[in-house]
Number of protein chains: 2
Amino acid sequence: MAESSEPPSSPRESARQSVTLQDIAAHAGVSRSTVSLVLRESPLVADSTRTRVQASIKALGYVYNRGAAALRASHTFTLGVVVYDIANPFFGAMVAGIDSVLHRENYVSFLANSEDSPGRQQRFLERMREQRVDGLLLCPAEGTDPALLTQLMDWNMPCVQVLRHIGTPPFDYAGTDFELGVRQAVDHLVALGHRRIVFLGGEAEHSATRARHQGYHDAMHAQGLGEVLGIVRGPVTRRAGFEGIQTLMQETPRPTAVICHNDLMALGAMLGLQRLGLIPGEDCAIIGTDDIEEAALSLPPLTSVATHPFSIGEEAARLAMRRIANPGGAREQVILTPRLQVRHSCDPIPAHGEALYRRYPHATLDA
Amino acid sequence: MAESSEPPSSPRESARQSVTLQDIAAHAGVSRSTVSLVLRESPLVADSTRTRVQASIKALGYVYNRGAAALRASHTFTLGVVVYDIANPFFGAMVAGIDSVLHRENYVSFLANSEDSPGRQQRFLERMREQRVDGLLLCPAEGTDPALLTQLMDWNMPCVQVLRHIGTPPFDYAGTDFELGVRQAVDHLVALGHRRIVFLGGEAEHSATRARHQGYHDAMHAQGLGEVLGIVRGPVTRRAGFEGIQTLMQETPRPTAVICHNDLMALGAMLGLQRLGLIPGEDCAIIGTDDIEEAALSLPPLTSVATHPFSIGEEAARLAMRRIANPGGAREQVILTPRLQVRHSCDPIPAHGEALYRRYPHATLDA
DNA sequence: TCTCATATTTGGATCAATCCAAAACGAGGC
DNA sequence: GCCTCGTTTTGGATTGATCCAAATATGAGA
């Protein structure tokens, strides 16, 4: 129906169907099998043969058919990647890290954005199974049933969890030490003289949140501030930061410092302070998590726990490569060390005159 | 070698190789062909048969093999997507838009980050051909040879260009009206009383830059400001904005307003002003392009030409679906209309006392 | 020159689906 | 009871590579 009589515009020799191994073999005077070996860069074939075959491949304009190869071979050189919010620049950087490693390894990846919906995630994973991908990189959607891991094992599908994890060890995982990160933030604030330190964000539904809350709890206790204030649970969006801090600032006594679940929240929180006519750093210190690029550009520049998304992506991809090469090997957890990137959102600014921020009482998230 | 004697942990019946159409057929008492028709939701099969077959499929735990299907069928329900900077939140949003459409259409996509390298892009495209993807969504890397389009036609590979385009029409394209966007920015500034308006950024190596420059040129002439100032070409990164504006501010007479190629540059430019002790809006108005999420969060909130990346992604994906369904159809260009999102980076702030921004003379991109 | 080990090459079976032309079925009409 | 026509179903050919065991070529040493 949609089949025109002729391939519209190719004066070349794509006229016939398509060139196959068989054609190359005939042209080069060898067998199909030998051509196949050349394509796969097998050391078995003699140099002279290899050269001849390669010439034929070029001459006939051969195109390798991965689908056909995959039918028989055990690998597809293909990976599935699931993130839950690709619009978040943190994940953009992470995907860039993944891509850089896969490119070197001659792998290619399917990407899906689960939007934190376990159903959507599940559909994609099933599709990946149908595509016979060699493995998965998975940032599990919030609320994912831990049984998913068992399912993937049943499927015999290597899976590296990234950033968040579900189920119980051992599993493959690449992420950062969130507990340490929060501890660094708390210690930094305490050193600056803060005691009323709140942790803002997270619903405790997944590991990355639990780890942060645990880190906060432990660090506060270690500093002898255990019960001074606490954790405010909630979503982790800009808006949640914007609104959350405004609520916090109405409490008495006020907190003097807030550590945010991620930079998006922290940037929202700074805007929220401004909305109240307060000054980030002076009226309330703010620390974010992730150190996305934007963090350096806010006013004041945001102090943030750098979690190195690009590196996490690289490590996750490398781990997946190792697991694919050795499916039975011991599971690994690659935990990067975060680093507190100190900027100016905790500086007590020497007050002189009207606070500049108060010039923008109209600051909102939408305008 | 890496083959353990037993699939490690599946008490289920994945014990044997894998379930094929043949097995389903036997179980349901029909032929292979019928099962295939059921899988493809053909209206040919009788309801009773369909039900029976579906039951068998479920009972045996069948997994569709896309590789095998692709070998014979004309479609793979697979797409290749190439962007040049996935870490840029603009592209994150665009990819999210693409993903949302593809998900509805039961398509799945390979993603590559070309890093604006034509070589890397070419490698990926060849790989996509090997994978027999049904089509491509391509944001061409800077410096891509226009002959690429001819090559893709030779390959018989549908391709929708996004945001940038190479070659000459007709081709499929989805993007925004950059010329109009810049015109809106210029007109807005002129209405505020500005005359010394500079356009900052772009190397004129690709369509999206040329269109912006053209739009600037036309709008300035329409306003009778043709030769007042001009375009400063260069890279389009945050750093370029940061440094570019500092150079501009040392010229005499200074520009009073700067329109930036994208928001990243604009955010960098605002920081650059602060570094000089100048105030965005008051000492120099700034307008960005894209209206990424961060734009609302800067201080002052950035006025920006909204280009709706999510919608562009959706439109591009929909166009690709149409082209795949009808390869011979007339090429389409889907051009969205940008909208000037006015915030406060052009407000002449009533001066009172020391400018708050001057409190952060240490503002840099790295700290 | 013959043997034996090593280095190359090969053909047939196989992977798991789709395509297609033809066969089987079932219900009306004559 | 036979014929026709539309609806379902089917078997065989086909897609294009890899796997594997066996065949052949090559070279060194006796």
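Note on naming: letters A, B, ... go to the chains in the order of the sequence lines (proteins, then strands), and numbering restarts at 1 for each one.
Under the 30°/60° scheme for interplanar angles, the aromatic rings of A/His165 and A/Phe171 are found to be tilted.
Side-chain contact between B/Leu39 and B/Leu21 is present, with heavy atoms from C-beta onward closer than 4.5 Å. In this structure, the side chains of B/Met153 and B/Cys159 stay at 4.5 Å or more apart for every pair of heavy atoms.
When each of B/Asn113, B/Val162, B/Leu125 is checked for a side-chain contact (heavy atoms from CB on, under 4.5 Å) with B/Val82, only B/Leu125 meets the rule.
Atom OH in A/Tyr64 sits roughly 19 Å away from atom P in D/dT15 (whole-Å rounding). When the P atom of C/dA16 is taken as reference, atom CD1 of B/Ile57 falls 16 Å away, rounded to whole Å. Whole-Å rounding puts the A/Leu39 CG to C/dT9 P distance at 14 Å. When the C1' atom of C/dA17 is taken as reference, atom CG of B/Leu37 falls 12 Å away, rounded to whole Å. Counting to the nearest Å, the C1' atom of D/dT9 and the CG atom of B/Leu21 are 15 Å from each other. Between A/Glu130 atom CD and C/dC15 atom P the separation is 20 Å, expressed in whole Å. Per the geometry, CG belonging to A/Leu60 stands 14 Å off P belonging to D/dG16, to the nearest Å. Remark: P of D/dT15 and CZ of B/Arg132 are 13 Å apart, rounded to the nearest angstrom.
Here A/Phe110 pairs with B/Phe110 under the ring-ring contact (aromatic ring centres under 6.0 Å, His included) rule; sequence neighbours left out. Residues satisfying the ring-ring contact (aromatic ring centres under 6.0 Å, His included) criterion with A/Tyr84, sequence neighbours excluded, are A/Phe91. Listed by chain and number, the residues in a salt bridge (Lys or Arg N to Asp or Glu O under 4.0 Å) with B/Arg120 are A/Asp99, B/Glu115 (sequence neighbours excluded).
Look at B/Asp116 and B/Arg164 and you find a salt bridge, because one of the NZ, NE, NH1 or NH2 atoms lies within 4.0 Å of a carboxylate O, short of that distance.
In terms of phosphate contacts, B/Ser31 brings no side-chain nitrogen or oxygen within less than 4.0 Å of OP1 or OP2 of D/dT9.
For C/dG12, its base sits under 3.5 Å from the side chain of A/Arg32 at one donor and acceptor pair at least.
Using modelled atom types and a 3.5 Å distance limit, the side chains of A/Gln122 and A/Gln151 yield a donor-acceptor pair.
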**OP:** Would you check, one step at a time, whether the test side chain to side chain donor-acceptor pair (under 3.5 Å) holds for B/Arg129 with A/Asn65?
**Re:** CA-CA 8 Å; B/Arg129 182 150 88 127; A/Asn65 186 325; over 6 Å; no
Original post:
Would B/Arg318 and B/Glu314 satisfy side chain to side chain contact (heavy atoms under 4.5 Å, CB included), going step by step from the backbone distance to the final call?
Top reply: CA-CA 6 Å; B/Arg318 277 199 275 262; B/Glu314 286 182 311; 3.8 Å; yes
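Taken residue by residue, residues 40-52 of chain A places heavy atoms nearer than 4.0 Å to DNA chain D at A/Arg40. Using a 4.0 Å cut-off on heavy atoms, the residues of residues 65-74 of chain B that approach DNA chain C are B/Asn65, B/Ala68, B/Ala69, B/Arg72, B/Ala73, listed by number.
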**OP:** Would you give a per-nucleotide map of nucleotides 20-27 of chain D, 5' to 3', where B means the base has a protein non-hydrogen atom under 4.0 Å away, S means only the sugar-phosphate does, and - means neither?
**Re:** --------
